[in-house]
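Accompanying notes for the structure given below.
In what follows, every chain begins at residue 1, and chains take the letters A, B, ... in the order their sequences are listed.
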2 protein chains.
Amino acid sequence: MDAQARVVKTLAHPTRLFILEELARGERCVCELTEMVGADVSTVSKHLSLLRTAGLVQDDKRGAQVYYSLRCACALSFFSCIDEVLQTVARQHTEETLK
Amino acid sequence: MDAQARVVKTLAHPTRLFILEELARGERCVCELTEMVGADVSTVSKHLSLLRTAGLVQDDKRGAQVYYSLRCACALSFFSCIDEVLQTVARQHTEETLK
DNA sequence: TGGCTATTTGGCTAAATTACCAAGCATGGA
DNA sequence: TCCATGCTTGGTAATTTAGCCAAATAGCCA
């Protein structure tokens with residue numbers, strides 16, 4: 001498959017977006033993320049696995065815990081991109097409603 | 001679902017990314033896109049429908065044809081975002097191989 | 001009107017995705 | 001060593017997505 005699409009696909013899930021956003025604040029271990037996400041640990045672990053495979057995050061095993069962190073600060077510029085799209089779409093929607 | 005994730009999901013398909021990239025060059029009708037994509041017309045039509053629903057493209061019916069165009073120039077900054085991620089990941093991969 | 005082209009929509013199947021539970025594996029402390 | 005904790009992996013069921021074919025719709029022109 002297309003390399004671009006593979007990256008985008010990895011980002012295309014609310015939980016994974018949330019995790020990236022959270023890791024942007026600093027590293028977090030799986031149990032912290034699990035608590036924040038509110039899903040089963042195994043589910044969160046699999047999301048992290050996908051993000052790691054895509055090269056977006058990296059893990060650091062320290063004792064019994066595994067700390068994840070962003071590997072790409074650029075993953076953040078992604079959010080501004082998405083929001084720019086969302087704002088533009090919302091603006092256009094408003095304009096059309098006013099017509 | 002999360003609004004951000006919904007947008008990203010819409011972009012998370014090679015054909016849809018291709019279409020956006022192509023529309024960035026200018027408007028195209030469904031049959032032109034279909035020929036370029038090389039899938040069934042109905043398949044392409046459905047991809048376009050998803051992109052339209054997400055507010056990323058707009059359609060303009062002219063005679064028997066329907067011309068699609070970008071609704072958001074910002075959809076393009078998206079590509080530079082993706083590529084930035086890809087390059088960073090590739091670079092890191094190379095560095096690790098050299099270690 | 002009839003036929004042809006362009007496009008969308010419905011239906012169906014196959015494939016991919018997601019989430020949970022259970023089981024397995026380390027690590028660290030008692 | 002034994003047990004609890006933290007995490008990952010395998011299995012499975014439910015849901016979503018993708019693609020094609022067939023059918024329906026709309027515009028154009030003879």
Side-chain angles (χ1 to χ4, degrees), chain A residues 1-23 26-71 82, chain B residues 1-23 26-71 82:
Chain A
M1 215 230 305
D2 198 46
Q4 290 184 325
R6 218 174 303 123
V7 173
V8 180
K9 232 171 172 180
T10 305
L11 297 165
H13 191 287
T15 299
R16 293 196 287 274
L17 284 179
F18 172 84
I19 289 174
L20 285 183
E21 219 163 8
E22 189 54 36
L23 294 186
E27 59 170 21
R28 298 278 183 273
C29 69
V30 179
C31 62
E32 289 174 320
L33 291 170
T34 298
E35 165 137 26
M36 292 188 249
V37 168
D40 195 89
V41 202
S42 66
T43 301
V44 174
S45 177
K46 280 176 184 171
H47 281 306
L48 287 166
S49 173
L50 286 174
L51 291 169
R52 178 162 24 83
T53 301
L56 296 168
V57 304
Q58 57 196 347
D59 60 344
D60 181 22
K61 300 172 214 291
R62 295 211 284 277
Q65 278 137 319
V66 180
Y67 284 84
Y68 279 86
S69 56
L70 276 195
R71 208 174 160 188
I82 301 171
Chain B
M1 217 231 304
D2 197 45
Q4 290 184 325
R6 218 175 303 122
V7 173
V8 180
K9 230 171 173 181
T10 306
L11 296 167
H13 192 288
T15 299
R16 294 197 285 274
L17 284 180
F18 173 85
I19 289 174
L20 284 183
E21 219 164 8
E22 189 54 36
L23 294 186
E27 61 171 19
R28 298 277 183 275
C29 70
V30 179
C31 61
E32 290 173 319
L33 290 170
T34 298
E35 165 136 28
M36 294 189 247
V37 168
D40 195 89
V41 202
S42 66
T43 301
V44 174
S45 178
K46 280 176 183 170
H47 281 305
L48 287 166
S49 174
L50 286 174
L51 291 169
R52 178 162 25 82
T53 302
L56 296 169
V57 304
Q58 58 197 348
D59 61 342
D60 181 23
K61 300 172 212 292
R62 295 210 285 277
Q65 279 137 319
V66 180
Y67 284 86
Y68 279 86
S69 56
L70 278 194
R71 206 174 162 188
I82 301 171

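- At the phosphate of dG19(D), neither OP1 nor OP2 sits under 4.0 Å from any side-chain N or O atom of Thr43(B).
- One atom, CG of Asp60(A), and another, P of dG6(D), lie 17 Å apart when rounded to the nearest Å.
- In this structure, CZ in Arg52(B) is found 11.0 Å from CD in Gln58(B), a value given to the nearest 0.5 Å.
- Taking the salt bridge (Lys or Arg N to Asp or Glu O under 4.0 Å) definition, one finds that Glu27(A) meets it with Arg62(A), sequence neighbours left out.
- Computed from coordinates, the Leu33(A) CG to dT8(D) P distance equals 10 Å when rounded to whole Å.
- Distance from the side chain of Thr15(A) is smallest for dA19(C) among the nucleotides dA19(C), dT8(D), dT18(C).
- In terms of polar N and O atoms assigned as donor or acceptor, the side chain of Thr34(A) never comes within less than 3.5 Å of the base of dC7(D) in a complementary pairing.
- One finds no side-chain N or O of His13(A) lying less than 4.0 angstrom from the OP1 or OP2 phosphate oxygen of dT16(D).
- Shown here for Val30(B) and Tyr68(B), the closest heavy-atom pair between the two residues is CG2-CE1, 3.6 Å.
- Straight-line distance from the OH atom of Tyr68(B) to the P atom of dT7(C): 9 Å, rounded to whole Å.
- We find that CZ of Arg52(A) is positioned 12 Å from C1' of dT9(D), with the value rounded to whole Å.
- Ser49(B) places no side-chain N or O within donor-acceptor distance of the main-chain N or O of Ser45(B), the cut-off being under 3.5 Å.
- For Lys46(B) against dG10(C), a side-chain N or O and a base N or O form a donor-acceptor pair under 3.5 Å.
- Considering only side-chain N and O atoms, His47(A) lies under 4.0 angstrom from the phosphate OP1 or OP2 of dA19(C).
- Per the geometry, NZ belonging to Lys9(A) stands 11 Å off C1' belonging to dT16(D), to the nearest Å.
- Using a 4.0 Å heavy-atom criterion, one finds that Tyr67(B) contacts no nucleic acid atom at all.
- Nucleotides of DNA chain D nearest to Leu50(B) and Arg62(B) differ in position, and the one nearer the 5' end is that of Leu50(B).
- Separation of atoms CG (Asp2(B)) and OG1 (Thr15(A)) is listed at 9.0 Å; rounding is to 0.5 Å.
- Taking atom CD1 on Ile19(B) and atom C1' on dA18(D), their separation rounds to 13 Å, with Å as the unit.
- Straight-line distance from the CG atom of Leu48(A) to the P atom of dC7(D): 10 Å, rounded to whole Å.
- Rounded to whole angstrom, the span from the CG atom of Leu51(B) across to the P atom of dA18(D) amounts to 11 Å.
- Within 3.5 Å, a donor on the side chain of Ser42(A) pairs with an acceptor on the base of dC21(C), or the reverse.
- Along DNA chain C, the nucleotide nearest to Gly38(A) and the one nearest to Gln65(B) differ in position, and the one closer to the 5' end is contacted by Gln65(B).
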